[in-house]
*Asks:* 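Right, I'll just put the structure down here and ask away after.
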Amino acid sequence: MTSIAGHTEAPIFVGGTLASVVAVTERAARGLPSVLVNPGGPLGGYFAGIEAGGRLWDAGMVLYEFTSFREPADEPDIRSYDPMKRNDVGRFCATVRRYVGRHQQTRIVTTPELQLNGQWWPDFLLANRGDWLSKMPWARGALAEIEAGLSSSSPWHPRTKLAWPDDGTDHAGQPLIYDAVSRANHGETVHHELVVPFLRKVMNCEASGLSALYHRMNWAPLYWPETLRGWLADEPVQLPDTEFSHPVGQPVAAMIRTLVKDLRASPLVRVIEDRLLSMRPTARGFTLRLQAQGELQTPELIWAQSPAQGLQAAGLPTAGVDDRLPLMIGLLEVPTSCVQRPGSVQHLLDPSLGIYRVTHSSACADESQDGFVALTVEANPGWFDAVHGTGLSEGEAIDAIMRDLARAGVLASDGTPRFTKLIKLAGALPLPTPRAVQGFLADRAALLSACPGIQLMGPAAGPFANSMSDQIVQGLACGAFRDTALPAMQQEYA
């Protein structure tokens with residue numbers, strides 16, 4: 001790599017997100033140098049997983065979604081991906097599937113489940129399985145609401161979502177609230193029976209406090225009323241079930257660990273793990289000042305931290321919004337004999353339970369059994385504390401999780417885990433409140449204005465572009481087209 005007295009001709013990536021890791025490894029594979037500055041945290045970010053109890057765990061439910069009802073017959077040029085466009089990554093499912101296939105063997109897991117009023121059903125919230133809705137005692141009333149709504153024309157029908165203002169407002173400039181959009185499309189009954197309980201448990205806030213963003217990672221479903229009508233009337237619908245995939249014999253995080261190992265071993269990649277003190281644009285590119293390494297200059301800077309962090313590094317004010325979603329993760333190894341409800345992923349809507357999701361990690365990976373299986377349990381710390389009490393020790397919180405699992409019927413009440421670990425993340429994901437969206441967009445625009453030529457990816461790419469698939473596509477788009485090998489790369493990825 002060309003590097004003389006603090007100058008480099010290689011592009012510098014700031015931020016160790018998955019998008020950066022993919023981009024840098026793709027460039028190295030093609031003989032192109034890169035510098036990766038990681039101011040903190042594991043390379044790969046949230047998707048790097050957790051090492052505990054002698055194994056590598058994914059941080060919660062981490063599955064691949066290789067299928068999409070929007071997937072076109074002819075795969076588009078990856079350079080057309082737009083991180084500012086809602087769910088644009090849905091066009092690139094085949095690209096993600098092919099990329100992952102280079103690193104991991106995967107299998108389709110059983111359909112996730114949802115527990116509602118003590119009964120188990122195929123998952124409606126993420127897996128698009130609503131064919132059971134007609135069996136609900138409230139189905140007739142919900143169907144009447146949907147049919148009444150279909151007689152009127154709503155500007156917030158999901159078919160128009162790609163035309164909704166990018167800033168999360170309505171056409172009059174007022175915040176577009178998920179509560180109103182969900183009621184208009186799902187009806188009052190479906191909204192309150194299914195959507196509201198889940199959002200309360202995951203985000204510990206009401207639907208009225210959320211922006212009406214259409215993106216799966218925010219766990220706020222938005223179905224066409226025509227689709228709900230078909231399910232409620234027990235008629236066929238055009239929406240196929242969502243199939244989720246998982247690596248065989250290992251977590252998703254194993255792929256990220258392999259990528260990180262490769263980039264650290266590459267002579268074309270310089271990894272600098274150092275605190276970033278400042279960043280400023282210059283006539284010939286950008287200058288970074290690092291705490292230990294000093295100044296480093298580059299003609300090309302790819303920013304893969306948040307826009308607010310970019311403004312802070314540039315010494316500029318930010319919008320000052322930091323609405324993020326906290327997460328509590330329980331890692332458990334329990335006897336196979338005490339699992340009463342096996343599966344892949346289970347969502348628990350019961351408000352008296354502190355946890356909202358269980359991932360059967362061993363079952364998803366199809367691991368050989370040694371008499372114990374791994375479970376990953378997720379909860380919002382605020383909701384969990386409201387149910388079980390504040391100030392619990394780790395052991396007491398694990399005991400509460402075990403009681404929840406027994407009450408839900410997932411585990412027997414006498415099951416004793418051989419390994420447990422509790423992890424709390426203060427800000428795992430952006431919380432899609434109206435002010436968070438507005439703050440992100442304001443910071444993003446200010447960063448682009450203050451630093452002409454800066455390229456944004458990962459947490460800075462767009463308010464809808466933080467999923468694993470989004471970050472893989474961003475990394476491929478950034479790493480694939482930077483020299484004269486363009487035609488060959490178009491053939492490989494397009």
Side-chain angles (χ1 to χ4, degrees), residues 16 18 21 38 40-64 100 103-107 109-110 244-265 271 273 327-346 355 357-379 381 384 392-406 410-412 414-426 428 468:
L18 176 58
V21 169
N38 183 27
L43 291 176
Y46 175 80
F47 300 107
I50 301 164
E51 290 188 25
R55 69 158 66 219
L56 179 62
W57 307 69
D58 287 320
M61 183 198 76
V62 184
L63 299 175
Y64 294 121
V100 170
H103 303 281
Q104 291 182 314
Q105 177 188 356
T106 62
R107 62 190 289 268
V109 301
T110 57
F244 293 101
S245 296
H246 191 279
V248 176
Q250 59 182 206
V252 171
M255 180 184 76
I256 286 79
R257 296 297 176 103
T258 298
L259 295 176
V260 171
K261 181 180 178 181
D262 290 346
L263 70 84
R264 288 190 182 279
V271 178
E273 295 182 279
L327 176 62
M328 187 174 80
I329 303 172
L331 308 178
L332 313 171
E333 286 184 343
V334 300
T336 306
S337 58
C338 83
V339 178
Q340 294 188 323
R341 184 79 189 184
S344 59
V345 176
Q346 293 159 338
I355 61 178
R357 181 157 53 212
V358 184
T359 301
H360 292 250
S361 305
S362 297
C364 287
D366 194 24
E367 292 180 320
S368 59
Q369 306 298 318
D370 62 351
F372 287 82
V373 294
L375 303 180
T376 304
V377 180
E378 295 172 78
F384 188 86
L392 298 183
S393 67
E394 179 170 333
E396 291 170 333
I398 290 293
D399 288 343
I401 289 174
M402 293 294 291
R403 291 195 300 272
D404 279 352
L405 291 170
V410 176
L411 299 182
D414 58 352
T416 301
R418 72 174 178 184
F419 169 78
T420 65
K421 186 175 180 63
L422 192 70
I423 299 166
K424 291 186 178 182
L425 303 175
M468 171 174 281

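Hydrogens, waters and symmetry mates are skipped; everything else that's a heavy atom, side chains included, is used.
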*Asks:* Please report the interatomic distance CD(Gln104) to OG(Ser245), rounded to the nearest 0.5 Å.
*Replies:* 11.0 Å

*Asks:* Give, for atom CG of Leu43 and atom CG of Leu259, the distance between the pair rounded to the nearest 0.5 Å.
*Replies:* 10.5 Å

*Asks:* Looking only at heavy atoms, which two atoms of Gly16 and Val21 are closest? And how far apart?
*Replies:* O-CG2, 4.2 Å

*Asks:* So how far is it from Ile256 CD1 to His103 NE2, rounded to the nearest 0.5 Å?
*Replies:* 9.5 Å

*Asks:* Taking side-chain hydrogen bond (donor to acceptor under 3.5 Å, both in side chains) as the test, write out the residues that go with Ser362, two or more places apart.
*Replies:* Glu367

*Asks:* Between Val334 and Pro417, what is the shortest heavy-atom contact and its length?
*Replies:* CG1-CB, 4.0 Å

*Asks:* If we check side chain to side chain contact (heavy atoms under 4.5 Å, CB included) with Leu422, which of these qualifies: Ile401, Leu331, Leu332?
*Replies:* Ile401

*Asks:* Would you please name every residue forming a side chain to side chain contact (heavy atoms under 4.5 Å, CB included) with Ala406, sequence neighbours left out?
*Replies:* Ser413

*Asks:* Return the set of residues passing salt bridge (Lys or Arg N to Asp or Glu O under 4.0 Å) with Arg403 (not counting sequence neighbours), or none when no residue passes.
*Replies:* none

*Asks:* By salt bridge (Lys or Arg N to Asp or Glu O under 4.0 Å), which residues pair with Glu51, not counting sequence neighbours?
*Replies:* Arg257

*Asks:* Which atom names give the shortest non-hydrogen contact between Lys424 and Met328, and what distance separates them?
*Replies:* CE-SD, 3.6 Å

*Asks:* What I'd like to find out is whether the side chain of Thr376 reaches to under 4.5 Å of the side chain of Met61, using heavy atoms alone.
*Replies:* no

*Asks:* How far apart are the closest heavy atoms of Phe384 and Ala397, and which atoms are they?
*Replies:* CZ-O, 3.7 Å

*Asks:* How long is the span from the CZ atom in Arg55 to the OG atom in Ser361, to the nearest 0.5 Å?
*Replies:* 7.5 Å

*Asks:* Any ring-ring contact (aromatic ring centres under 6.0 Å, His included) pairs touching residues 43-64, not counting sequence neighbours?
*Replies:* Tyr64-Phe66

*Asks:* Begin from the C-alpha positions of Asp404 and Val377 and carry the test side chain to side chain contact (heavy atoms under 4.5 Å, CB included) through to its verdict.
*Replies:* CA-CA 10 Å; Asp404 279 352; Val377 180; over 6 Å; no

*Asks:* Can you list the residues that meet the salt bridge (Lys or Arg N to Asp or Glu O under 4.0 Å) rule with Glu396, with sequence neighbours excluded?
*Replies:* none

*Asks:* Does some side-chain heavy atom of Met468 sit less than 4.5 Å from a side-chain heavy atom of Leu18?
*Replies:* yes

*Asks:* Contact between Gln346 and Ile355 at the side-chain level, heavy atoms closer than 4.5 Å - yes or no?
*Replies:* no

*Asks:* Please find the pair of heavy atoms, one from His246 and one from Pro251, that lie closest to each other, and give the distance.
*Replies:* CE1-CA, 4.1 Å

*Asks:* Return the set of residues passing side chain to side chain contact (heavy atoms under 4.5 Å, CB included) with Pro342 (not counting sequence neighbours), or none when no residue passes.
*Replies:* Val339

*Asks:* Salt bridge (Lys or Arg N to Asp or Glu O under 4.0 Å) with Asp414: which residues, sequence neighbours excluded?
*Replies:* none

*Asks:* Could you tell me which residues satisfy side chain to side chain contact (heavy atoms under 4.5 Å, CB included) with Ala363, sequence neighbours excluded, listed by chain and number?
*Replies:* His360

*Asks:* With sequence neighbours excluded, tell me which residues meet side-chain hydrogen bond (donor to acceptor under 3.5 Å, both in side chains) with Asp58.
*Replies:* none

*Asks:* Using the test side-chain hydrogen bond (donor to acceptor under 3.5 Å, both in side chains), find all partners of Glu273 that sit at least two apart in sequence or belong to another chain.
*Replies:* Arg264

*Asks:* Could you work out, with side chain to side chain contact (heavy atoms under 4.5 Å, CB included) as the rule, every residue matching Thr336, not counting sequence neighbours?
*Replies:* Gln369, Val373

*Asks:* Can you tell me how far CD1 of Ile329 sits from NZ of Lys421, rounded to the nearest 0.5 angstrom?
*Replies:* 11.0 Å

*Asks:* Between Leu327 and Pro381, which heavy-atom pair has the shortest distance, and what is it?
*Replies:* N-CD, 3.8 Å

